[in-house]
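One structure is given below, encoded as structure tokens.
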Amino acid sequence: MRTWPSSPGLLAPLLPWFETRGRRLPWRAVDLEGEHPDPYAVLVSELMLQQTQVSTVIPYFEAWMRRFPDLVSLAEADPEEVLGHWQGLGYYRRARHLQAAARRLSSGGWPREPRALERLPGVGPYTAAALASIAFQLPVPALDGNLYRVLARLLHLRAPRAHGASLRTWLAPALATLGPSRVTQALMDLGALVCVPGTPNCPVCPLAGACRSLAKGDQEGIPLPVQRPAPKEVELWLLALEWRGRWLLSRPRERGLLSGLWRWPESLSGGGDGTTGTQVPSGVQVREIPGWVQIYTHRRERVRPLHVRVASPPPHAESFTWVTRSRLASLPMGRRDQRLRKALADGDGSDSCSGVPLGRILSSLA
DNA sequence: CACCCGTGGCG
DNA sequence: TCGCCAAGGGT
């Protein structure tokens with residue numbers, strides 16, 4: 001860090017660039033000098049933006065702010081409706097964290113210090129720093145993946161996350177001098193528009209003159225890619241069980257994958273030879289719906305959907321419940337289960353039951 | 001610290 | 001088609 005040039009001077013050219021090229025985003029204040037007029041909007045945007053791209057977030061943010069315009073409206077809302085407004089955005093725990101944070105803030109008021117902000121559910125070191133700098137103008141650097149990449153190239157660091165503490169110390173004077181909210185968001189815009197992953201657009205970069213990686217011709221090898229574990233492979237039946245116009249659904253779980261959301265019953269199918277239990281009981285119609293591969297961060301699912309109509313309801317555990325068709329349409333679901341819901345509405349699939357171990361699938365409900 | 005948690009866009 | 005990875009946090 002001793003060999004790094006002073007941050008206020010190095011980053012000063014960012015401001016005129018940001019003035020003309022910076023993004024206009026729905027949660028961003030017009031005046032970046034003072035405190036943000038609506039810290040709640042910053043909180044909502046930051047939670048939505050965790051591991052999620054800006055273009056994905058924008059429509060969700062706008063619908064959210066129309067329905068839950070302030071802390072109180074969110075605090076008092078039905079949790080299922082809250083999940084409904086998060087439906088499709090992913091990492092659903094964030095929605096429940098956000099409502100829990102709103103409940104705490106609406107009664108206790110806003111803290112401003114990162115330490116205190118970090119005690120809010122769903123708010124970690126990054127988000128606390130983002131709130132402190134963007135909402136409250138405190139000179140606390142918020143380092144996300146974007147910033148790590150920009151700073152890694154600027155200072156030629158192969159593993160910037162290993163220098164987190166040093167980078168925050170180094171960056172703080174730039175925030176204090178040039179404006180916490182402005183510098184933070186200018187760096188984010190630079191990372192999103194110019195210093196992008198892969199091949200950056202160095203010819204238009206306002207910091208090109210100071211960039212050590214560009215000087216070394218090494219801007220694509222910085223930073224080193226992050227190592228990720230291989231996804232788990234899973235194959236499962238996704239069961240749309242229909243009885244007298246009602247559908248059997250799995251109640252939301254407290255934790256784990258797709259927690260808080262309604263799901264279709266599922267039954268692991270990987271490894272089975274498909275020869276046992278293939279007899280279809282009388283009074284049962286089976287329809288296979290074209291499957292697909294569902295990709296999650298740490299999981300790769302081969303989904304085999306089935307539409308099964310029964311004349312009498314099979315025994316099932318209390319974690320399942322029958323819902324009407326209109327109720328089904330209103331329940332919050334993840335993309336996978338939404339997809340099956342839509343396929344049913346569209347009438348996709350064909351009658352077939354070869355190799356479907358229906359007996360085993362139905363018995364897995366009990 | 002290792003692992004878990006969703007989804008979509010892009011090369 | 002496939003791997004990367006995005007304004008991370010919780011346990």
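Because the structure is predicted, anything quoted here is derived from the model rather than measured. Each chain gets a letter, A, B and so on, in the order the sequences are listed, and its residues count up from 1. The analysis underlying the following values was restricted to heavy atoms, covering all of them including side chains, and did not include hydrogens, waters or symmetry mates.
- With sequence neighbours excluded, no residue forms a side chain to side chain donor-acceptor pair (under 3.5 Å) with A:R103.
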Less than 3.5 Å apart, which donor and acceptor atoms pair up between the side chains of residues 307-322 of chain A and the rest of the protein, not counting sequence neighbours?
unit_1 : atom_1 : unit_2 : atom_2 : d
A:H307 : ND1    : A:R287 : NE     : 3.3
A:H307 : ND1    : A:R287 : NH2    : 2.9
A:H307 : NE2    : A:E242 : OE1    : 2.8
A:R309 : NE     : A:Q285 : OE1    : 3.2
A:R309 : NH1    : A:E242 : OE1    : 3.3
A:H316 : NE2    : A:W322 : NE1    : 3.4

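- The stretch residues 175-184 of chain A has no heavy atom under 4.0 angstrom from DNA chain B at all.
- The list of ring-ring contact (aromatic ring centres under 6.0 Å, His included) pairs with a residue in residues 44-74 of chain A, not counting sequence neighbours, reads A:W27-A:F61, A:W64-A:F68, A:W64-A:W86, A:F68-A:H85.
- When the nearest nucleotides of DNA chain B are assigned to A:Y60 and A:R299 by heavy-atom distance, the more 5′-ward of the two goes with A:R299.
- Note on A:I295: a base of the nucleic acid sits closer than 4.0 angstrom, heavy atoms only.
- Bounding nucleotides for the chain A contact on DNA chain B, 5' to 3', at a heavy-atom distance below 4.0 Å, are B:dC4 to B:dG8.
- Comparing C:dC5 with B:dG6, their C1' atoms sit 13 Å apart, to the nearest whole Å.
- In terms of the side chain to side chain donor-acceptor pair (under 3.5 Å) criterion, A:R93 has no residue partners (sequence neighbours excluded).
- The side chain to side chain donor-acceptor pair (under 3.5 Å) search around A:R302 returns none, not counting sequence neighbours.
- Applying the salt bridge (Lys or Arg N to Asp or Glu O under 4.0 Å) test to A:E80 and every residue at least two apart in sequence or in another chain returns A:R327.
- Note on A:L89: a base of the nucleic acid sits closer than 4.0 angstrom, heavy atoms only.
- Here the side chains of A:L261 and A:Q87 are not in contact, with every heavy-atom distance at 4.5 Å or above.
- Rounded to the nearest Å, the gap between the C1' atom of C:dG10 and that of B:dC1 is 13 Å.
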List the atom pairs, with distances to 0.1 Å, where a side-chain N or O of residues 135-157 of chain A and a protein N or O form a donor-acceptor pair under 3.5 Å, not counting sequence neighbours.
unit_1 : atom_1 : unit_2 : atom_2 : d
A:Q137 : OE1    : A:S181 : N      : 3.1
A:Q137 : NE2    : A:L32  : O      : 2.8
A:Q137 : NE2    : A:E33  : O      : 2.9
A:Q137 : NE2    : A:G34  : O      : 2.7
A:D144 : OD1    : A:N146 : N      : 3.2
A:D144 : OD1    : A:L147 : N      : 2.7
A:N146 : OD1    : A:R149 : NH2    : 2.6
A:N146 : ND2    : A:M188 : O      : 3.0
A:R149 : NE     : A:C195 : O      : 2.8
A:R149 : NH2    : A:G191 : O      : 2.8
A:R149 : NH2    : A:C195 : O      : 3.3
A:R153 : NE     : A:Q219 : O      : 3.0
A:R153 : NE     : A:I222 : O      : 3.2
A:R153 : NH1    : A:C195 : O      : 3.3
A:R153 : NH1    : A:V196 : O      : 2.8
A:R153 : NH2    : A:V196 : O      : 3.1
A:R153 : NH2    : A:G198 : O      : 3.4
A:H156 : NE2    : A:D218 : OD2    : 3.0

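- Each of A:T184, A:L10, A:L11 was checked for a side-chain contact (heavy atoms from CB on, under 4.5 Å) with A:L171, and the lone residue meeting it is A:L11.
- Taking atom C1' on both nucleotides, B:dT7 is separated from C:dT11 by 22 Å, rounded to a whole Å.
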For residues 120-132 of chain A, dump all side-chain donor-acceptor pairs below 3.5 Å to protein atoms at least two apart in sequence or in another chain.
unit_1 : atom_1 : unit_2 : atom_2 : d
A:Y126 : OH     : A:E46  : OE1    : 3.0
A:T127 : OG1    : A:Q50  : NE2    : 3.1

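- For the side-chain contact (heavy atoms from CB on, under 4.5 Å) test, no residue two or more places apart in sequence or in another chain qualifies with A:R115.
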What one-letter contact string describes nucleotides 6-11 of chain C from 5' to 3', where B marks a base within less than 4.0 Å of any protein heavy atom, S marks contact via sugar-phosphate atoms alone, and - marks no contact?
BBBBS-

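- Straight-line distance between the C1' atoms of C:dA7 and B:dA2: roughly 24 Å, to the nearest whole Å.
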